[in-house]
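Since this is a predicted model, take the numbers as computed values, not measurements. In what follows, residues are counted from 1 in the order of the sequence shown.
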Amino acid sequence: MPSDMPPDLQSAAAVTALPPTASLLVLGGDQRIAIQPGSQVNKYGCQPFPAADRIAFGSSTASQISAQAFDAADRLRTRIAGALADAPAATVYRAELMRLRGELLDICGLAPPVTSEDAAPDVIFAASGTDAHLLASHLTAAQAQGSQRSLRVIMVNPEESGSGVSTALSGRSFSAYNALGDCGPHADARHEVTHVAIRDPGGAPRSPQSVADDVAAQSDAALRGGSDVLLVLIDVSKTGCVAPEPVFALQLQQRAAGRVHILVDACQFRIETATLRAYLAQGFMVAVTGSKFIGGPSFSAALLIPPALAARMRPAGAPPQLERHSALEEWPAAWHAERTLSSSANPGLLLRWEAALHELKAFKALPGAAVRKCLLRFNAAVQARLQSDPHFEALPAPAMPGRAAGLAPEWDDLASIHPFTLYRPQAHGSESRQPLDTAQVAHVYRQLQQQRNGDGFIYSVGQPVVCGRRDGVEYSVLRLCIGAGMVVQACGDPSGAAGDALIAHAMACLDAIAGLISTTA
């Protein structure tokens, strides 16, 4: 199948054929997960099969599938193939998604006990985090339109979020094709989207109060103009920020009497169970993916809707604007999405979520104190290197804000994304280092993914993020990240050798980047 064509998985016959697991892992999404021509990787530099010679510190962008997660996906493929002999593809797809929905809620501590009066959040599956934003935007707009109001979306500057997120939040298609095929022509923006910068022009983080003031001003203007507001709270951004502060977002929601809605962009999934529960308890929608920190392959997302909000949204059902973006089977039955959506089966999404939940379950089994100890040790080593090496400079990050009153974090107040600027070492007689510009950083990023180092490994980091200008030069940062699988491996070795090896790999990765800086024109 050409990598630039939409996958044809719409007929039962096509699904019954079931391509190999590695092929399914890159089907049922959009062009971002397609294998690039002449290579074995997608645009994120990830292969759809285990690669023991690749050490991936790029989980802020996408994760390389582990051998254990691949085996879990492969077992599911075998089970699906058997089930398709007795049932239609859409029936099998719905049943498997119902199982995955229950497992996700259970692993995250969101499935209520039988004796509890608390309901679990509704879970709507989506191919990507960008698709989850599109769902949230149209669902919120449907509520506003029921009261004859329009929708204004407020989010951080697009560089700090996923590609296409701003377009998705406006209600438009953000790709030429998706899991359902051709998306059709891009329609004009349905919802106005405005942005608030969370870093100043030089890349330093703005104060939380400055960010809050800007959000409040935009929200107040929208409310006065007759629009409802969807505020996107990012936790965490591409460079490791949480903005705006959750306490402020809650206050904004409470004072607007049902006209301000909050979507937490937790697509990095760098939050612990208590944080996720707190967001949902506060009435916030939450978008998550299993493909970044958690370590599943690219493209597995879900939108979690708190019970009270879901109860208000369900009567209207799935917005008809989602017909080309979402399948009936991906919605809970109580939404009666059959009124607007068509049936379809996406086995690739099933396998990707199966792999992600395998990794999530292993990570959630770790004691919070052990995770904290691992992160503190890793962070200290990485920051010491970034501060002492003339090739690098750590990008300043604000302290993590509290997510909810009285909530004592176990580990998600610690950084797990380390963004850094690239510099040429100071020339003899020069008073300052010269930062690499955006094009040069992109070159280093690409070369790193193709270079086998002296230790036999190929290293990768998070994609470049444009952060501002220094010395008149637009610059980007790379991001060295720790993923859940790395933490599981380090915590599983009482001797500390696995933790030592992880830090040694991080240092070797930075060595490789420093070497590439010296050869970049």
Side-chain angles (χ1 to χ4, degrees), residues 1 6-30 33 48-49 65 69-107 111 120 122-128 131-132 135 177-181 289-291 296-304 317-318 322-361:
M1 181 185 301
D8 180 15
L9 294 175
Q10 302 313 300
S11 69
V15 178
T16 303
L18 277 188
T21 297
S23 298
L24 283 172
L25 290 174
V26 292
L27 296 178
D30 59 45
I33 58 168
F49 48 82
I65 191 170
F70 186 89
D71 287 345
D74 195 49
R75 289 192 296 271
L76 176 58
R77 179 197 173 278
T78 299
R79 189 168 74 245
I80 291 172
L84 288 173
D86 302 313
T91 301
V92 174
Y93 186 48
R94 175 180 288 279
E96 290 295 341
L97 282 180
M98 289 177 64
R99 176 186 61 82
L100 291 172
R101 183 178 288 115
E103 290 189 10
L104 174 62
L105 293 172
D106 186 55
I107 294 170
D122 280 10
V123 178
I124 305 172
F125 286 104
S128 71
D131 289 283
L135 297 182
Y177 71 85
N178 61 18
L180 297 180
T289 75
S291 57
S298 303
F299 274 49
S300 59
L303 179 66
L304 279 62
L322 296 175
E323 182 181 11
R324 290 185 174 182
H325 301 278
S326 192
L328 162 64
E329 289 73 18
E330 292 156 5
W331 293 64
W335 286 74
H336 295 291
E338 70 276 2
R339 295 179 298 203
T340 51
L341 304 182
S342 301
S343 288
S344 185
N346 185 349
L349 179 60
L350 291 178
L351 267 61
R352 291 190 290 272
W353 260 118
E354 183 77 4
L357 291 182
H358 174 87
E359 303 285 12
L360 181 62
K361 186 175 183 179

Report summary line: Of all heavy-atom pairs linking V123 and A302, the shortest is CG1-CB, 3.9 Å
Query raised in the report: Are the side chain of N346 and the backbone of G28 linked by a donor-acceptor contact shorter than 3.5 Å?
Result: yes
Query raised in the report: Side chains of R101 and E103: does their closest heavy-atom pair fall under 4.5 Å?
Result: no
Query raised in the report: With no hydrogens and no angle check, do the side chains of E329 and S344 hold a donor and an acceptor under 3.5 Å apart?
Result: no
Report task. Work out which heavy atom in P48 is nearest to a heavy atom in L25; give both atom names and the distance. Result -> O-CD1, 3.4 Å
Report summary line: In this structure, CG of L322 is separated from CZ of R324 (nearest 0.5 Å) by 12.5 Å
Query raised in the report: So how far is it from T91 OG1 to L84 CG, rounded to the nearest 0.5 Å?
Result: 10.0 Å
Query raised in the report: Side chains of F299 and D30: closer than 4.5 Å at any heavy-atom pair?
Result: yes
Query - Over all atoms of both residues, closest heavy-atom pair of A120 and L105 - result: CB-CD1, 4.0 Å
Report summary line: Output for pair (I33 CD1, L27 CG), nearest 0.5 Å, gives 7.0 Å
Query raised in the report: Roughly how far apart are L104 CG and W353 CH2, rounded to 0.5 Å?
Result: 5.0 Å
**Report entry** Closest non-hydrogen atom pair between A69 and E359, with its separation
**Finding:** CB-OE2, 3.4 Å
Query raised in the report: Under 3.5 Å, is there a donor-acceptor pair linking the side chains of H325 and E323?
Result: no
**Report entry** Working for side-chain contact (heavy atoms from CB on, under 4.5 Å), residues L341 and E330
**Finding:** CA-CA 10 Å; L341 304 182; E330 292 156 5; over 6 Å; no
Query raised in the report: Checking side-chain contact (heavy atoms from CB on, under 4.5 Å) for the pair I80/L351: CA distance, chi angles, key distance, verdict?
Result: CA-CA 10 Å; I80 291 172; L351 267 61; 4.0 Å; yes
Requested in this report: Report the C-alpha distance between H358 and L76 in whole Å, list the side-chain angles of each, state the deciding distance to 0.1 Å, and finish with yes or no for side-chain contact (heavy atoms from CB on, under 4.5 Å).
Outcome: CA-CA 12 Å; H358 174 87; L76 176 58; over 6 Å; no
Requested in this report: List the atom of A73, the atom of A355, and the distance in Å for their closest heavy-atom pair.
Outcome: CB-CB, 4.5 Å
Query - From D131 atom CG to N178 atom CG, the distance as rounded to the nearest 0.5 Å - result: 6.5 Å
Query - Partner set under side-chain hydrogen bond (donor to acceptor under 3.5 Å, both in side chains) for S300, not counting sequence neighbours - result: none
Query raised in the report: How long is the gap from CH2 on W331 to CG on D122, to the nearest 0.5 Å?
Result: 10.0 Å
Query - Donor-acceptor contact present, side-chain R77 to main-chain P347, <3.5 Å - result: no
Query - Considering all heavy atoms, the nearest L328-A337 contact - result: CD1-C, 3.5 Å
